[in-house]
Amino acid sequence: MFLMKDIVRDGDPVLRQEAADVAFPLSAEDQQLAKDLMEYLVVSQDPEQCKKYGLRAGVGLAAPQVGVSKKMASVLVPAPEEGGKSPFTDVIINPVIVSESVQAGALTEGEGCLSVDKDVPGFVPRHDRITLRYFDVNGEKHQVRLKNYPAIVCQHEIDHLHGMLFYDHINKDHPFETNEDMIMIE
Ligand SMILES: Cc1nc(NNC(=O)[C@H](CC2CCCC2)CN(O)CO)c(F)c(N2CCN3CCOC[C@@H]3C2)n1
Ligand code: NI
């Protein structure tokens with residue numbers, strides 16, 4: 001199981017690399033990596049376990065953040081209400097955004113990153129809607145249309161696979177600037 005000590009921090013070159021495509025069928029090592037990436041999210045979203053293991057809660061985790069420069073990330077978007085269904089959860093492998101809305105979307109709270117210890121205030125403008133193509137751990141191909149929160153989370157994770165960090169998108173001079181057609185996501 002990954003702990004905070006296993007999370008690579010900003011400054012490590014692995015976070016600024018283009019990660020490598022994952023080969024199918026998955027090696028035993030890559031199967032274990034997929035399991036561990038998802039397990040981190042599940043444990044971190046359980047308040048008791050999160051505290052017990054001293055984790056920072058997460059809704060996504062990309063392989064480069066644990067020092068593995070491969071195109072794999074886990075996503076676990078919590079259910080909007082208790083006991084509901086997660087809007088999107090999977091381990092996305094070799095993901096490609098095949099189309100994206102012109103309309104921007106941003107989290108009203110801004111973003112953070114398990115690999116960035118400092119707070120970087122500001123809106124992170126992303127695409128409000130995306131069509132995402134990826135492979136799951138069984139090598140099955142998926143194409144999903146996501147919007148708002150799930151779309152934001154997936155864009156944050158896919159950025160990691162291309163060596164981007166959330167603050168790269170924040171306007172340096174006007175970090176909280178929005179335009180009227182930017183969707184602000186709670
Ligand atoms: C928005 C949020 N970001 C949390 N952390 N940051 C992360 O996930 C980073 C990735 C997210 C940052 C913005 C978009 C993607 C990790 N990253 O660096 C991976 O690349 C949260 F923890 C969190 N939630 C809300 C839901 N809650 C359910 C119950 O459990 C606690 C959980 C807390 N929401
Ligand atoms: Ni991150």
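Order of listing sets the numbers, starting from 1, for every ligand and every atom in it.
Looking only at heavy atoms of the protein, atom 12 (C) of ligand 1 is closest to G112 O, 3.4 Å. Atom 34 (N) of ligand 1 has its closest protein heavy atom at Y149 OH, 3.3 Å. Annotation: atom 27 (N) of ligand 1 to nearest protein heavy atom, P78 CG, 4.2 Å.
Distances between N or O atoms of E111 and those of ligand 1 include no value under 3.5 Å. Ligand 1 has a nitrogen or oxygen under 3.5 angstrom from a nitrogen or oxygen of A57. Note: an N/O pair closer than 3.5 Å links L114 and ligand 1 by distance alone. The shortest N or O to N or O distance between Q65 and ligand 1 is under 3.5 Å. Backbone and side-chain nitrogen or oxygen atoms of V59 are examined, and one is located within less than 3.5 angstrom of a nitrogen or oxygen of ligand 1. Between E157 and ligand 1, at least one pair of N/O atoms sits closer than 3.5 Å.
At a threshold of 4.0 Å, the pair K71-E18 counts as salt-bridged, since one of the basic side-chain nitrogens sits closer than that to a carboxylate oxygen.
Under 4.0 angstrom from ligand 1, there are no non-hydrogen atoms of E109.
For ligand 1, the atoms sitting less than 4.0 Å from at least one non-hydrogen atom of Q45 are 29 (C), 30 (O), numbered in the order shown with element in parentheses. Proximity to C113 (heavy-atom distance under 4.0 Å) selects the following atoms of ligand 1: 18 (O). Those atoms of ligand 1 that come under 4.0 Å of a heavy atom in G60, given as number and element, are 8 (O), 16 (C), 17 (N), 19 (C).
One distance of note links CZ of F123 with NE2 of H169; it measures 16.0 Å at 0.5 Å rounding. Expressed to the nearest 0.5 Å, how far CD of E157 lies from CG of L132 amounts to 11.5 Å. Residue N94 holds its CG atom at 12.5 Å from CZ of R133, rounded to the nearest 0.5 Å. Between the CD1 atom in I130 and the CD atom in E100 there is a gap of 8.5 Å [rounded to 0.5 Å]. For the atom pair M184 CE and L107 CG, the distance stands at 8.0 Å (nearest 0.5 Å).
Side-chain atoms of Q103 and R129, non-hydrogen and from C-beta on, do get closer than 4.5 Å to each other. Residues L41 and L61 are in side-chain contact: their nearest non-hydrogen atoms beyond the backbone lie under 4.5 Å apart.
R126 places no side-chain N or O within donor-acceptor distance of the main-chain N or O of A106, the cut-off being under 3.5 Å.
Draw a line from the Ni ion (ligand 2) to NE2 of H156 and another to SG of C113, and the angle between them is 120° (to 10°).
Residue contact annotation: F166 has no non-hydrogen atom under 4.0 Å from ligand 1.
Atom CG of D181 is surrounded by more than 12 heavy atoms from other residues, nucleotides or ligands within 6.0 Å.
Closest to the Ni ion (ligand 2) among the N, O or S atoms of H160 is NE2.
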